[in-house]
Trainee: 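There's a structure below that I have some questions on.
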Number of protein chains: 2
Amino acid sequence: MEATTAVGHEPRTCDAALARAFGFLGKRWNGVLLGTLVRGSAGFAELKRAVKGISDSVLSERLSELAAAGLVRRTVEEGPPVAVTYHVTEAGQALMPALEALTTWAEHNLPT
Amino acid sequence: MEATTAVGHEPRTCDAALARAFGFLGKRWNGVLLGTLVRGSAGFAELKRAVKGISDSVLSERLSELAAAGLVRRTVEEGPPVAVTYHVTEAGQALMPALEALTTWAEHNLPT
DNA sequence: TGGGGTGCTTCGGAAATGCTAGTGACATCT
DNA sequence: AGATGTCACTAGCATTTCCGAAGCACCCCA
């Protein structure tokens, strides 16, 4: 194990930032969830219907994670009928171009 | 409410293509794997070292899936020392811009 | 002849996910 | 009024998926 004095060829590691990105997007529903939320805020039930396939428990958990990471914000409207709304923050919005690129790619390269 | 005769607004579903994209990228290692492979072909062991954290079994499985989806190709060099090489196809290459966008986003919006 | 490298597959066990229900406040239908 | 439904979740299993270690076959180098 040399402590490469100079140069050194890194063993072809993948970009650290990309790895971090997939730390999030690599979890089962986060991608679609964010992708849905980016096109407009929604409540819990609405989200569940939109993402269809996701379960209550996971949705709840993912929303917490996303909120903790500062990508999504949870707003409670006290009415009499309390309404909760989830919407993306700027950090979430910033993901848009990437999501679009991904969509385009899928359209062209992924079988239906 | 509604059931008005025609129209109907879809309940805000996420883009189908994006969902398909995350059918792949939403699985634990596929993203980083593709991201690594995009910067150059590699053999099994090399890949394992590069993606570090992934296990043999999962790597093997992921590579099969990726190959089945036509994003990666598996080439066997018959020598006596059989050497296997994995490299992305054009469909895989086409993912690059999306991956770059993702990387940029992570750099700016994801904590280290 | 032993150590090291490559390319996988096969086992458990552990962790992540999914399904079914249930709660409590309100709203609406009959 | 009472039944039913919606909204936002939480709770408890069952199933799926993932990981880590081990093993197998082959080759190269000393």
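Residue numbers begin at 1 in each chain, while the letters A, B, ... track the order of the sequences.
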Trainee: Roughly how many Å is it from CG in B/Asn30 to C1' in D/dC18, rounded to a whole number?
Mentor: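 Interatomic distance, CG of B/Asn30 to C1' of D/dC18: 13 Å.
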Trainee: C/dC8 phosphate, OP1 or OP2: any side-chain N/O from B/Tyr86 under 4.0 angstrom?
Mentor: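 For C/dC8, OP1 or OP2 has a side-chain N or O of B/Tyr86 closer than 4.0 Å.
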Trainee: In whole angstrom, give the distance that lies between atom NZ of B/Lys48 and atom C1' of C/dT9.
Mentor: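 Result: 13 Å.
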Trainee: Within this structure, what is the CG-to-C1' distance between A/Leu47 and D/dT6, rounded to whole angstrom?
Mentor: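 It works out to 16 Å between those atoms.
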Trainee: Does anything in residues 54-63 of chain B come within less than 4.0 Å of DNA chain C? Heavy atoms only, and list the residues if so.
Mentor: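 Here the set is B/Asp56, B/Ser57, B/Ser60.
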Trainee: Between CG of A/Leu18 and CG of B/Leu99, what distance do you get to the nearest 0.5 Å?
Mentor: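 CG of B/Leu99 is found 5.0 Å from CG of A/Leu18.
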Trainee: Whole angstrom is fine here: how far is it from NZ in B/Lys27 over to P in D/dC19?
Mentor: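 B/Lys27 atom NZ is separated from D/dC19 atom P by 11 Å.
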Trainee: Atom CD of B/Glu77 to atom C1' of C/dG7: distance rounded to whole Å?
Mentor: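 The answer, rounded to whole Å, is 14 Å.
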Trainee: Which whole-number value in Å describes the distance from A/Glu65 CD to C/dT17 C1'?
Mentor: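 Interatomic distance, CD of A/Glu65 to C1' of C/dT17: 12 Å.
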Trainee: Using the side chain to side chain donor-acceptor pair (under 3.5 Å) rule, collect all pairs that involve residues 84-104 of chain A, keeping only residues at least two apart or in two chains.
Mentor: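 Sorted result for residues 84-104 of chain A: A/Arg74-A/Tyr86, A/Thr75-A/His87.
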Trainee: Does D/dC19 have OP1 or OP2 under 4.0 Å away from a side-chain N or O of B/Trp29?
Mentor: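 So the side chain of B/Trp29 is within the cut-off, an N or O lying under 4.0 Å from OP1 or OP2 of D/dC19.
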Trainee: Less than 4.5 Å apart, any side-chain heavy atom of A/Leu59 and any of A/Leu33?
Mentor: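 A side-chain contact under 4.5 Å exists here.
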Trainee: Can you check whether B/Gly26's main-chain N or O pairs, donor with acceptor, with A/Arg28's side chain at less than 3.5 Å?
Mentor: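 No, because the side chain of A/Arg28 does not come within donor-acceptor range (under 3.5 Å) of the backbone of B/Gly26.
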Trainee: May I have the distance from B/Leu66 (atom CG) to C/dC8 (atom P), rounded to whole angstrom?
Mentor: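 So the two atoms are 14 Å apart, to the nearest Å.
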Trainee: Of all residues at least two apart in sequence or in a different chain, which pass the salt bridge (charged side-chain N to carboxylate O under 4.0 Å, His left out) check with A/Arg62?
Mentor: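 A/Arg62: salt bridge (charged side-chain N to carboxylate O under 4.0 Å, His left out) contacts with A/Glu65.
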Trainee: At under 4.0 Å, does any side-chain N or O of B/Arg28 touch on OP1 or OP2 of D/dT16?
Mentor: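 Answer no for this pair, as no side-chain N or O of B/Arg28 is under 4.0 Å from OP1 or OP2.
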Trainee: Without swapping roles, check the side chain of B/Ser41 against the backbone of B/Leu37 for a donor-acceptor pair under 3.5 Å.
Mentor: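 The answer is no, because no donor-acceptor pair under 3.5 Å joins these two groups.
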